[in-house]
Structure formats: C-alpha cells, structure tokens
Amino acid sequence: AHCRYALGMEDGRIPDEAITASSQWYKTTGPQYARLNQEKGDGAWCPEHLDNQYLQVDLGRLTFLTVVGTQGRFARNTGNEFTSAYRLNYSRDGLLWKSWRNRLGNALIEGNKNTYASVINDLHPPIITRYIRLLPVTKHSPTVCMRVELYGCPWEDGLISYSAPEGQYMMPPGSPIACLNDSTYDGVRERRRLSGGMGQLTDGVIGLDDFLKTHQYHVWPGYDYLGWKNDSLGTQGYVEMEFVFDRQRNFTSMKVHSNNMFRSGVKIFSAVSCWFKPRLIASWEPEPVVFKTVLDDKNPSARYVTVSLNRRAAKSLRCRFYFADVWMMFSEISFQSVKDEITTTTTAFYYSKSKLPGSFTVVFKLHLTSEFFPAAPSPSARSPPEDSNTPVLIGCLVTIILLLVIIIFLILWCQYVCKVLEKAPRQILDEEVTVRLSSCSDTIILQTPPVPPRSSHAGSAVPEPGSSEEQTARAVTKRGSLRIHNPLYDLLLLTSCHMTSGWLHASSRTACGGGYAEPDITQCTPHQCFHSSAPHYAETDIVRLQGVTGSNMYAVPALTVDSLTRKDISAAEFPRQQLIFREKLGEGQFGEVHLCEAEGLPEFLGEGSPLPERDGHSVLVAVKQLRADATSQARNDFLKEIKIMSRLNDPNIIRLLCVCVSSDPLCMVTEYMENGDLNMFLSQREIESTLTHANNIPSVSLSDLLHMAVQISSGMKYLASLNFVHRDLATRNCLLDRRLTIKIADFGMSRNLYSSDYYRIQGRAVLPIRWMAWESILLGKFTTASDVWAFGVTLWEIFTLCKEQPYSLLSDEQVIENTGEFFRNQGRQIFLYAPPLCPPSLFELMMRCWSRDIHDRPNFEGLYRAL
C-alpha cells in the first residue's frame, strides 16, 4: 500500500542506457523517449513491427514493483498511436525471464484509449525484479507507441528465491475447502515441491486472523496462506524451506507471519532451526540457530513471529519449522540484515553522514590479521631469518596510520570551516538550543537560557521571534542547528513523546521552574522534570488517554478527570456474560476492539436507548477491551476515557452504551456501525452517473459527499465547543451506521488495514503525519486549529472517494520535510491537489484549513455553516 514511488522514468533518474528495446521505428522513436509525460524526440517509443516486440528497463537493483503507468504518443497533438493492452515479462538476473500473470491467471493488462491520458495499473501480485519488459499487444492498429513510468520501492530483503513443499488442501467441517497453495509462485513446481522462485510469501499481503477469509475478491478460501498438514509430510514433523539471497548478508532476524486459529487445529510453529551457507557452492555450516516459540492458546490472532538469527553471515539459509498442531500456515516471510562489515588484510575506513549537513559521524575500523602479527615464537623456537617481510609490514602499518591521522585532521578542519561560514549569514537564533534525546523512556532536556515572561499565551498562532517555539522550530528546520545524530528520527520521537507521554498540569510546570525557563532539576521529581523539559503547547491543560490504541482519541481538559471514582462513570454496568464474541476488529498497544453480540441490551438500556430499530435482529456492539496485564497507567487512562466518553452526547460522535468494569478485563461497549468506516465505504464506490445506474455499480452523489462533510463538521463543532482535541481525524475514524449517519470514533490506529497511514519510529511511536498540521509535527502543538487542518485533509479524502492516500507521491520523510517548508513560509510548500469532483469554492475552503498561520484557519462553527 505504501510502496508506490516513481522509480525515475519521468524525471530521468533511470538513465537512457538502462532503457533498451527489441526494435524502433526511427531514431527519434527510440527507447530513450519512452518516458511518461515527456515530449522529447517524436514523443514516445515505437517498435518497428508488433510481433513480440518489447521495451526493457534495467532498474539497477532488485525492486518491489507495484504499479505501471503508460501513455500513448501525443507529440504535441500530432501523434495518434497508443497501446490498448500489454504484457509484462521480468527477470531478477537478466538471464531467466518470467511472464507476469494476475491473481486470476490473466497476463493481459489494459492499456490506453487515447494518446494523452495516462493509465495507472496496480500489479496484483507485485513483482520482485531488476529487469522489466513491456510487450505491447494490439488487435486493430498497425502501429503502437508507448511512454512508461514504473512505481515501487527498493527490495531491501535481498531474497531472490525460496523453496518449500507445495501447499495442501484443507477440508474444515462445515466450511468450504481451503486451498493453501502458493498460487502466484513464479518458480518450478516439481514432485510436489516449489523451487527457484518467489510468490505469496513475499507479496506484502498479510493473511487475516481467519485463514478462510481473504484480502482479494473472487478468490478461493485460504488464498492468502501457504499451509501444510503434519501427517502429510511423513513422520519428520517439520517443514523445510530454503532461502537464497542476492549476496552474502549478516542476518539479524527473520519475521514469519503465521496463522494461529488453534480451534481449527492451526498453530504457529513450535520451534525453528536454521542452517547457514556462506556461498552457494559451499556446504551447510554444522551449527544451526535454534529458536523456540512461546505458544499461545488464548489469542487466535495471526501474528508475526520474530526469529533472532544472531548476525550470522550467509548467502543461503535452510530452516526447519516444527509443527505445534495438525496444521501450520504462513502468509509472509521477511529477513532483516545489516551491511557486511568491511574486513580486509589492510585497514578498512568508512564514514556515515547524516541527512542534515553540519553533523556526521566518523567510524574507523582497523582489521589486523595474523599475517601482520604472527604468533610469538616459543623460547625453544628458532628466530626468523633476517630477510623476512617484517620491516615491510611495519612500514605499511606506519604509512596507513599516518594516512588516517591526515584524514582525521582534514575532517576536523572542514567542520571548523563550515561552522565559521555558517555563523556569518545565520545570526538568526539569539540563544543556542541543544536537544539530547534517545527515546520516550529516556530523559528529554531542552536547555535554553531563561527568558522574560511574555504576554502571549501558549497557544498563540505564530511564535514570536526569539520565542522557545520559534527556536525549536528553527532548530529542526535550519541545517546544522539541531545537533543530534539522526535529526528526523529524534524530531519525530520528540513529537511522539508529546502525543503519548502526557501533558503538564499547571502545578507541575510551576514546581519545575515555570514557563519555558530551564528547570531546576534539583527541586523536581523525575516525573516532573521529564514533563517540564518540553514546552507546553496547548490551549488548555490536558491529560493523556492511552486507552486501547496506545494513543489519544481526545485530548481533554485536565480538570474533568483529576479525580476518578466509580460514581463519576455515568454508564451502567452490563452483565459480561451477555456479550458474545463475533470478530476481532482491531488491536492496539494495550488491548483489542471486538465485534460482539449483546443479548438484551435494548431492554437493559431502557427507554431513550440510542440503539436504532433492529427489526428483530440481534444487537451488534463494538467492545474495547483492556488487557488484564496492562500497566496501571494504561488501566487508569482507560477508566478516564470511559468517564470522558460517558459524557459525550452528540448524534455525530460514537456513543458509549455501557461498561464492564467490575472485574477484569475492563471493557467499554460502544455503538457498532454496520457500514464500517467512511474510507472503506467510499473507496468501494464511484460517483453517481448514468453508467453506474445502468450497471448497478455502488455509487454516491456529490450531495451525498457534501452531507457527509456536514456531519463530520457538526461532530467536530461539538467537540470543539468542549475544548476537546481529537488529534486523529480522518475518514478511517468516521463510521457509518445503516442509515449512513456518520459518527466520529478512534478505531483507525488499532486496525492493521490502516497501518500505512501511520508513521512508525522503530516501533516506539505511531503518528498520522499526512493528516497533521505543520505545528503538530515540528512543535508538538495540538489544538482545535490542528484538528481543522486534519478536517481539510479529511474533506480531500471524501472528494477523492478515498482512492488515494494524501501526498501519495511523497515518502513519509518527504512529508515531514514539507512541513519545514510551511515553517519557513517561502512559498515552496506542497499542497494537496484539487480533486476533480470538488467544486472550486469547496477546495478554497480546504486551502483555508491548511493556512500556515493558525488565526487564518476557520473554526468548526464557521466550517459547519459554510458547508
């Protein structure tokens, strides 16, 4: 879902010499002119004839190819050639070529219908390749021409093939037959074994908890998994797989996504043993890595199992996965490795440079072999002959050391010169800001000299020059000002600490020195000093709610939850035994969200129940359940969230119906929306037209989209009136009931389906950066105005029918860099484009939501009236 970056045909990163073809009509229609949206030469590549002609692109390295875009020959309105269909061939080594087919076995891909419009085709399954060939196919035109762009990302695993036993059929009682074969495998199938290829274990599609359900349409049950039955593989009790890589690697771990529906006799593997081969022609090393799995008979969820490989070096691995039950099923396998250390018989030198100039790390490695320092002879041994090479070796060592000293001197001198040159034109900061941080659990200290108190409040729209906010933002946007080893990681980690580690109460700020001044650490508790070290960016003192997802749904005034007792929770206690589990909807850091059937709930709630008429059907509810082993802090936050939710009463906000808090695990029962979330609802529909009516295609009208926007603005207007800050407003968090009423919730972060919408920092933090305002990313400042920004992005999603992720052509890192352009305000910031369905006046409203200055953004009351 997130591996969709242009690989360089259009912008020239793929050089001309990497683009070849079987033939060309003229020199001016050669393969070098087959670049999307370019008009050089005669405007496209055109083959001399049509029989088995191809355009070949060398991507330069193994690549995960997910999308192909094509155009015809426009040639400034003089061309009339295009390709109505094409096929794909690919190769990982340039020698063995394979033909691509989709998941249903079709090799033809729909091409263009005119000479100018580009057609984008997703590849299902994606291709792991270095070389790609496009073979035009046409039935009518005697000539064809093509322009191309390829989309994907580098294949970092380095895996080029895996071998395994062929998958098998499973016949569950009362269920359809599950075919657990590797249907997209592109290698050899011989004697019930797969070899020499890649398939569903590397296609990026993770299987669901129920192996009978699939992500794909029109496929058979069990499609997403490769599975084996224990007794069908003889008495060995294991499945043996071999993995071959592009080069020798130092492997740190292997991640295996495995099914665990133990009620159906399916479990994750009990243990795994892996042998290593440094070269393909070498023999297997005798000592394997053995890993034993902690089996789980309580949670039927599919999950990743991470197997540590102890940094063993190899080009090929053989792993035996041992059965824990009757069946074992895998949907994905990936490998993590570190770059090979440079070890030679002389000195190895390298350096690692960070993204921001002005700070880099230099690492020297001196590898000395026994050739340089032979073992000392014993007293009885003879002395070496005088004509030995010892003086030469000593001379080499002395020369190398002198070279290293000279290199170190040159680097230090360059650093000094850069600092001198940088200070002259950049006298912007009055004080120096030094940031030292490693993770949310470590100490975070922002050291600035004390500044006099100012009249402006903490939530001001734009920081005053010289303020701590201004300094912090400049420190993260000016080159060299933020002196940390990895600026992007540490900056986002700082923001994530603001999101998930709580906010200051007024009393704790005062106790630690107050305001933005440097805290007196000697007078603070560790907890207070941790919080007081960061500026207080909020309109009001708010508290954290870790809850189930591990993040905040609403940031709310601290006074509403300072003291919490059972009588503060207005929701009634519902009998736990009347909740019948149906399906797991999502999983968060501290618990899970389940779909349950609530017996007798309408009678329990009595008159005035918010539940809609059920027409005799059972009542379905969403149950957020805290794990019994959750931390005391998470437990307290969960109770606080219940208290907050119990006081919310708006037709466009998800309602808390009842709770189960008399015993563990703690549960809150909320409304369940039958039509799911707005993102899924809209992405499965087209805009209403004569064609959709004639073909009975699910559709929505522009008035429907506008009504959805009105409902969301109404719910946010209600939250804003209570000084609530949502922090994660998006279509994935807007749910629809049977009557298409929208209700704002917080389940998005807990669902794997939307994991690519969140930026993850080495597993510590999860941030919806594509929906966040610039001040939220750079300053950790979350206000109603930042919710307005997210509302503008949500409007954009609605009027694109959720067919595309915001800033889809930018990587996560580029999105963060773009926020720096908003701060600098030099006119180089990138905005979302105007959706084709969106009226100009509505897009103008979106642009106001994305105003650089907070005071220029509308409030939700104004947005509701305008919509």
Side-chain angles (χ1 to χ4, degrees), residues 610-613 622 648-655 670-693 696-722 724 726 728-748 754 771 784 787-806 832-850 857-867:
L611 294 174
E613 292 295 330
L648 296 179
N649 185 8
D650 185 83
N652 297 117
I653 301 294
I654 201 78
R655 287 284 298 276
T670 68
E671 297 172 283
Y672 174 70
M673 304 289 104
E674 292 90 334
N675 278 307
D677 63 77
L678 184 57
N679 187 287
M680 185 64 69
F681 180 83
L682 288 178
S683 64
Q684 296 172 352
R685 279 157 176 77
E686 301 295 336
I687 198 65
E688 194 173 61
S689 64
T690 307
L691 182 64
T692 60
H693 284 299
N696 201 25
I697 299 173
S699 62
V700 289
S701 65
L702 286 176
S703 60
D704 293 334
L705 299 181
L706 190 59
H707 180 56
M708 293 171 181
V710 169
Q711 293 184 76
I712 298 172
S713 65
S714 176
M716 292 305 297
K717 175 169 69 80
Y718 171 75
L719 293 181
S721 69
L722 302 176
F724 282 33
H726 190 292
D728 193 12
L729 180 62
T731 53
R732 62 182 172 272
N733 278 324
C734 298
L735 309 180
L736 293 94
D737 65 10
R738 286 193 301 169
R739 299 171 183 173
L740 302 188
T741 300
I742 290 181
K743 303 204 175 190
I744 299 169
D746 74 327
F747 297 155
Y754 297 115
W771 284 259
T784 299
D787 275 352
V788 168
W789 181 296
F791 177 76
V793 182
T794 305
L795 273 182
W796 182 89
E797 287 187 278
I798 291 172
F799 282 88
T800 57
L801 296 184
C802 298
K803 305 291 188 188
E804 183 181 344
Q805 190 184 50
L832 292 168
Y833 65 83
L837 302 176
C838 181
S841 58
L842 188 58
F843 184 66
E844 184 180 343
L845 193 65
M846 292 183 200
M847 292 294 290
R848 288 182 57 202
C849 293
W850 304 324
R857 299 174 199 166
N859 57 31
F860 281 111
E861 178 70 38
L863 286 168
Y864 176 72
R865 288 200 307 268
L867 291 169

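The shown structure was predicted, so the numbers you read here are calculated from the model rather than taken from an experiment.
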How far does [atom1] of [X] sit from [atom2] of [Y], to the nearest 0.5 angstrom?
X    : Y    : atom1 : atom2 : answer
Q805 : W771 : CD    : CH2   : 5.0 Å
F791 : N859 : CZ    : CG    : 11.5 Å
L702 : I687 : CG    : CD1   : 4.5 Å
E844 : C849 : CD    : SG    : 11.0 Å
L705 : T800 : CG    : OG1   : 9.5 Å

Between [X] (side chain) and [Y] (backbone), is there a donor-acceptor pair under 3.5 Å?
X    : Y    : result
N652 : I742 : yes
D728 : N733 : no
D677 : C734 : no
T794 : A790 : yes
W796 : Y833 : yes
D787 : H726 : yes

Derivation and outcome, side-chain contact (heavy atoms from CB on, under 4.5 Å), residues I654 and M673 | CA-CA 9 Å; I654 201 78; M673 304 289 104; 4.2 Å; yes
Does atom OH of Y864 have more than 12 heavy-atom neighbours from other groups under 6.0 Å away?
-> no
Using a cut-off of 6.0 Å, state whether more than 12 heavy atoms not belonging to R685 lie near its atom CZ.
->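 Enclosed: over 12 neighbouring heavy atoms sit under 6.0 Å from CZ of R685.
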Closest approach of [X] and [Y], non-hydrogen atoms and distance?
X    : Y    : result
F843 : L832 : CZ-O, 3.5 Å
L867 : A709 : CD1-O, 3.8 Å
L706 : F799 : N-CZ, 4.2 Å
S683 : K803 : O-NZ, 2.8 Å
C802 : T731 : SG-OG1, 3.7 Å
T784 : F724 : OG1-O, 4.3 Å

Ionic contact status for E861 with R865, cut-off 4.0 Å = yes
Which residues satisfy the side-chain hydrogen bond (donor to acceptor under 3.5 Å, both in side chains) test with K743, sequence neighbours excluded?
->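 Only E671 meet the side-chain hydrogen bond (donor to acceptor under 3.5 Å, both in side chains) criterion with K743.
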Side chains of [X] and [Y]: does their closest heavy-atom pair fall under 4.5 Å?
X    : Y    : answer
V793 : W850 : yes
M708 : L682 : yes
I712 : L795 : no
L648 : R655 : no

Report yes or no: do D704 and S701 form a side-chain donor-acceptor pair below 3.5 Å?
->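 Yes, a side-chain donor-acceptor pair sits under 3.5 Å.
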Could you go through the side-chain contact (heavy atoms from CB on, under 4.5 Å) check for D650 and L719 one step at a time?
-> CA-CA 9 Å; D650 185 83; L719 293 181; over 6 Å; no
